[in-house]
Amino acid sequence: MRILVLGSGGREHALAWAFARSAEVDEVVCAPGNPGMAAVGRCIPVDVADPAAVAQLADDLDADLTVVGAEVPLVAGVVDAVEARGRLAFGPRAAGARLEGSKAWMKEVLAAAGVPTADHATFGAGEEEQALAHLDRLPGLYIVKTDGLAAGKGVVVTESIAEARDAVREYLSGEAFGDAGRRIVIEEGLTGPEVSLLVLCDGADGAVALAPAQDFKRIGDGDAGPNTGGMGAYSPVPAAPDAMVDELMRTAVIPTLTELRERGVEYRGILYAGLMLTPTGPKVLEYNVRFGDPECEVVVPRLRSDLARHCLEAAQGRIGTPVAFADEACVTVVLATEGYPAAPRSGDVIEGVDAAEAHDGVLVFHAGTTRDAAGALRTAGGRVLNVTALGPSIEAARARAYAACAEISWPGMQYRRDIAASP
Ligand code: AMP
Ligand code: GLY
């Protein structure tokens, strides 16, 4: 089969890498891809958020399966456009992707499905006074979120009411995130460890949880500083054993899929539940409609069954092949540029990737990289590389990942030193 992978991040590199190892895959094509993906497949430029352009590309390539990496193309309806050409695509259609495209709608679905989640209120443009008054009634941990997509950065979690008030004003005015922020969700603050559960769904009654992962969203060690797209991850998660995964499927994921079906949405692809294990039980913080990044980079390398087969079956609407994971642990550390997440610097020459990849059990997935005319690898974005290692335990995988990180350098490179330090 010929698989078209849409995207250019560490997640898409991990997916393309896994597809290239499948006995069922003859060719991996990446669009637009990145220098790391170019090592596993042909790369072709495309605007991934343009459904017509993607559908045309799938046709031109005669792609048997199109796998969509990120939420923006899913919300834009890329799967609908590819399916309209009679071709298979992995990911939800726009109607299902709305779960990530609108946090207010997601909360409505969760409430209707009876899924435990943080209490919330929604406010639109012109409701700033009401939103600020609502903050005053909250007990001291303030959560303000944009309704729409904001690349993982539209969430403020703060104990400072002044900061929460600023977020309300900047979001609702459109100043911070444009239209995505003109509607906001304010939530009660929850506490506890977080778990990301990625569930493979076939739109009928097939839903299989992949191995849980935990990511690290804040920029700094000890969870200091602003939220990012994710600075590292590990899998498995000792705080989320099999029995808990079963409970999460029963109390959160299955009721959500059932509620969606009752609304006429056959949800197909990955449903990513972001959960907090609170003192009063697990609660859903959010749903995403695709593999997590960097969770994908620690879940996929542990997979022993064939990812291409799983994605094909889900796209066809009937999961059958059992999902199997290695006992090995996996840790990924994100290497980011100076200034990330506020103002990432680009264009620096990256040294040492080959030396890092030569380490035992290490894979380096590219995200924000580019090759210049002379063939040198340069930074091109905030999150640049995912240095990933498998090992017999989380500790061993962690030690391997950090030893490999020490091989890589460029001016201003930054990364967290505490990924998977106390799982
Ligand atoms: P989200 O994009 O909704 O997952 O939010 C990003 C991050 O903000 C989460 O991974 C949590 O660390 C934090 N967060 C979101 N909602 C809450 C909440 N209600 N209480 C505490 N932390 C939260
Ligand atoms: N790592 C968080 C996300 O993919 O949304």
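These figures come from a predicted structure and were not determined experimentally. Keep in mind that the numbers below use all heavy atoms, side chains included, and drop hydrogens, waters and symmetry copies. As the structure lists them, so they are numbered: ligands from 1, and atoms in each ligand from 1.
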Novice: Among all the protein's non-hydrogen atoms, which is closest to atom 20 (N) of ligand 1, and how far away is it?
Specialist: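 Ranked first by proximity to atom 20 (N) of ligand 1 is Leu190 N, 2.8 Å.
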
Novice: Closest by any non-hydrogen atom to atom 15 (C) of ligand 1: pick that one out of Lys145, Met106, Lys103.
Specialist: Lys145

Novice: In terms of the angle between their ring planes, are Phe123 and His134 parallel, tilted or perpendicular, with boundaries placed at 30° and 60°?
Specialist: tilted

Novice: Need the ligand 2 atom indices (1-based, order shown) with element for anything under 4.0 Å from a heavy-atom of Asn288.
Specialist: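 Reading through ligand 2 atom by atom, the close ones are 5 (O).
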
Novice: Quick one: nearest non-hydrogen protein atom to atom 11 (C) of ligand 1, plus distance?
Specialist: Glu194 OE2, 3.1 Å

Novice: Glu328 and salt bridge (Lys or Arg N to Asp or Glu O under 4.0 Å): which single residue from Arg400, Arg302, Arg304 fits?
Specialist: Arg304

Novice: Give the atom numbers and elements of ligand 1 that come within less than 4.0 Å of a heavy atom of Glu188.
Specialist: 18 (C), 19 (N), 20 (N)

Novice: Looking at ligand 2, does any of its N/O atoms fall within less than 3.5 Å of an N/O of Glu286?
Specialist: no

Novice: Could you tell me the residue and atom name of the protein heavy atom closest to atom 17 (C) of ligand 1, and the distance to it rounded to 0.1 Å?
Specialist: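 Scanning the protein heavy atoms, the shortest distance from atom 17 (C) of ligand 1 goes to Leu285 CD2, 3.6 Å.
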
Novice: Hey, is Arg290 touching ligand 2 through its side chain, its backbone, both or neither, going by heavy atoms under 4.0 Å?
Specialist: side chain

Novice: Show the atoms of ligand 2 that are less than 4.0 angstrom away from any heavy atom in Gly229.
Specialist: 1 (N), 2 (C)

Novice: Can you tell me if Ser196 has a non-hydrogen atom under 4.0 Å from ligand 2?
Specialist: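 Checking ligand 2 against Ser196, which is what was asked, there is no heavy-atom contact under 4.0 Å.
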
Novice: By number and element, which atoms of ligand 2 are closer than 4.0 Å to a non-hydrogen atom of Asp215?
Specialist: 1 (N), 2 (C)

Novice: Number the atoms of ligand 2 from 1 as they appear, then name those within less than 4.0 Å of a heavy atom of Gly292, with their elements.
Specialist: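 In order of numbering, the contacting atoms are 4 (O).
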
Novice: Do Thr321 and Glu313 get their side chains close enough for a donor-acceptor pair, meaning under 3.5 Å?
Specialist: yes

Novice: What's the verdict on side chain to side chain donor-acceptor pair (under 3.5 Å) for Glu407 and His359, showing C-alpha distance, side-chain angles and the deciding distance?
Specialist: CA-CA 10 Å; Glu407 301 277 8; His359 285 231; 2.7 Å; yes

Novice: Which of the numbered atoms in ligand 1 are under 4.0 angstrom from any heavy atom belonging to Gly189?
Specialist: 20 (N)

Novice: Without hydrogens or angle criteria, can the side chains of Glu297 and Thr388 be said to hold a donor-acceptor pair below 3.5 Å?
Specialist: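 No, because no side-chain N or O of Glu297 sits under 3.5 Å from a partner of the opposite role on Thr388.
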
Novice: N/O of Met276 under 3.5 Å from N/O of ligand 1, yes or no?
Specialist: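 No; the residue has no nitrogen or oxygen that sits under 3.5 Å from a nitrogen or oxygen of the ligand.
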
Novice: Can you confirm whether or not the ring centre of Phe291 sits under 6.0 Å from the ring centre of Tyr272?
Specialist: no

Novice: Please could you name the atoms of ligand 2 that Glu295 approaches to less than 4.0 Å, counting only its heavy atoms?
Specialist: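 Reading through ligand 2 atom by atom, the close ones are 1 (N), 2 (C), 4 (O).
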
Novice: Do we get Arg218 above Phe216's six-membered ring, with its NZ or CZ under 6.0 Å from the centre and within 45° of the axis?
Specialist: no

Novice: Suppose I only count heavy atoms of Ala118 and a 4.0 Å limit; which atoms of ligand 1 are within that range?
Specialist: 19 (N)

Novice: Could you tell me the separation between the OG1 atom of Thr122 and the NZ atom of Lys107, rounded to the nearest 0.5 Å?
Specialist: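 One finds 9.0 Å between OG1 of Thr122 and NZ of Lys107.
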
Novice: Are a donor atom and an acceptor atom from the side chains of Thr332 and Tyr234 found within less than 3.5 Å of each other?
Specialist: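 Not at all, the side chains of Thr332 and Tyr234 share no donor-acceptor pair under 3.5 Å.
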
Novice: Check Phe291 against ligand 2 and report side chain, backbone, both or neither, counting heavy atoms closer than 4.0 Å.
Specialist: neither

Novice: At a 4.0 Å threshold, what atoms of ligand 1 neighbour a non-hydrogen atom of Val157?
Specialist: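 Under 4.0 Å from Val157, ligand 1 has these atoms: 8 (O), 13 (C), 14 (N).
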
Novice: Atoms of ligand 1 less than 4.0 Å from Lys217 heavy atoms?
Specialist: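 Answer, ordered by atom number: 6 (C), 7 (C), 10 (O).
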
Novice: Side chains of Asn34 and Ser8: do they bring a donor and an acceptor to under 3.5 Å?
Specialist: no

Novice: Do we see a donor-acceptor contact under 3.5 Å between the side chains of Thr158 and Glu163?
Specialist: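 Yes.
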
Novice: Cut-off 3.5 Å, side chains only: do Tyr171 and Arg169 have a donor facing an acceptor?
Specialist: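 Side-chain D/A pair, Tyr171 to Arg169: absent.
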
Novice: Should the heavy atoms of other residues, nucleotides or ligands under 6.0 Å from CG of Asp246 be counted, would the total exceed 12?
Specialist: yes

Novice: Can you list the ligand 1 atoms lying under 4.0 Å from a non-hydrogen atom of Glu286?
Specialist: 1 (P), 2 (O), 3 (O), 4 (O)

Novice: Taking only non-hydrogen atoms of Pro294, do any sit less than 4.0 angstrom from ligand 2?
Specialist: yes

